[in-house]
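Treat the numbers as computed from the prediction; the structure is a model and nothing was measured.
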Amino acid sequence: QVHLVESGGGLVQAGGSLRLSCSASERTFNRYGVGWFRQAPGLEREFVAYISWTGGGSYYGDAVKGRFIISRGHARNTVYLEMNSLKPEGEAVYYCAADPLNSGSNYPSDYGSWGQGTQVIVSS
């Protein structure tokens, strides 16, 4: 278990950009894969992006492919989600989750540690 903290959410106009951060104080975090998910009111939690523990591998959900970029900091203890060309349907609470088995899963149920989430509001 790691304690994850997301930050960087806020209000942005449609077409704008935001960068979210996910960090943990535990050193083991830099050996875990990390997934980003989002959840809008009344909807299921949706996979957004994943990055491997090395930072060398990543993939994206179809809804954000080509617009979002996931990356890891140099020490691998912070994971970023750069969100570009935001759409109104991207308004949600965004969560990061740790993948200690480095499974690369896009299913929320495969993740054990979650942050508290950060709200993204997209105005049209």
Side-chain angles (χ1 to χ4, degrees):
Q1 291 280 343
V2 291
H3 296 90
L4 303 178
V5 178
E6 302 98 334
S7 61
L11 173 65
V12 63
Q13 284 191 329
S17 299
L18 276 177
R19 189 174 79 156
L20 307 182
S21 299
C22 170
S23 61
S25 57
E26 293 87 350
R27 292 180 65 183
T28 52
F29 181 64
N30 65 14
R31 297 196 296 273
Y32 293 177
V34 174
W36 280 99
F37 295 80
R38 65 187 182 188
Q39 189 166 20
L43 299 181
E44 293 186 353
R45 197 160 292 192
E46 176 189 19
F47 171 75
V48 175
Y50 180 89
I51 191 164
S52 66
W53 74 275
T54 64
S58 61
Y59 73 105
Y60 300 87
D62 288 342
V64 307
K65 203 173 295 183
R67 298 185 296 117
F68 289 15
I69 301 171
I70 190 170
S71 62
R72 297 193 85 125
H74 180 69
R76 303 201 306 269
N77 61 350
T78 303
V79 172
Y80 303 100
L81 184 69
E82 181 179 340
M83 306 186 296
N84 301 305
S85 302
L86 277 161
K87 301 178 181 180
E89 53 265 39
E91 181 166 313
V93 178
Y94 283 71
Y95 299 90
C96 64
D99 175 23
L101 299 180
N102 289 287
S103 67
S105 173
N106 59 355
Y107 290 99
S109 58
D110 289 335
Y111 290 77
S113 297
W114 292 82
Q116 82 290 346
T118 185
Q119 177 75 56
V120 172
I121 300 171
V122 183
S123 64
S124 55

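- Of all non-hydrogen atoms in A14 and S124, the two that sit nearest each other are CB-CA, 4.3 Å.
- R72 places no side-chain N or O within donor-acceptor distance of the main-chain N or O of T54, the cut-off being under 3.5 Å.
- Using modelled atom types, no side-chain atom of N30 and backbone atom of N77 make a donor-acceptor pair closer than 3.5 Å.
- Side chain of S113 to main chain of V2: a donor-acceptor pair is present (N/O by atom type, distance under 3.5 Å, no hydrogens or angles).
- We find that E82 and R19 are not joined by a salt bridge, their nearest charged nitrogen and carboxylate oxygen being 4.0 Å or further apart.
- Using a distance-only test at 3.5 Å, with no hydrogens or angles considered, no donor-acceptor pair links the side chain of Y32 to the main chain of A97.
- Using a 30° and 60° split on the angle between ring planes, Y111 and F37 fall in the perpendicular class, above 60°.
- Between L20 and E6 there is no side-chain heavy-atom pair separated by less than 4.5 Å.
- With rounding to the nearest 0.5 angstrom, the CD1 atom of I121 is 5.5 Å from the CD atom of E91.
- N102 places a side-chain N or O within donor-acceptor distance of the main-chain N or O of R31, the cut-off being under 3.5 Å.
- Ring-plane geometry between W114 and Y95 is classed as perpendicular, the angle between the planes exceeding 60 degrees on a 0 to 90 degree scale with a lower cut at 30.
- Side chain of Q119 to backbone of G9: no donor-acceptor contact under 3.5 angstrom is found.
- In this structure, Y60 is a member of the same hydrophobic cluster as V122, with clusters built from ILVMFWY side-chain heavy atoms closer than 4.5 Å.
- A distance-only check finds no donor-acceptor pair linking the side chain of E46 to the backbone of R38 [under 3.5 Å].
- A 6.0 Å sphere centred on OH of Y59 holds more than 12 heavy atoms belonging to other residues, nucleotides or ligands.
- Formation of a donor-acceptor pair under 3.5 Å by the Q39 side chain with backbone atoms of A92 is not found in this model.
- For Q116, the CD atom sits in a packed shell: over 12 heavy atoms of surrounding residues, nucleotides or ligands are nearer than 6.0 Å.
- Pairing each heavy atom of L4 with each of A24, the nearest pair is CD2-CB, 3.7 Å.
- Taking CG of L101 as the start and CG of D110 as the end, the distance is 9.0 Å to the nearest 0.5 Å.
- The closest side-chain heavy-atom distance from L81 to C22 is not below 4.5 Å.
- Nearest heavy-atom pair, T78 versus S23, reported as atom, atom and distance to 0.1 Å: OG1-CB, 3.9 Å.
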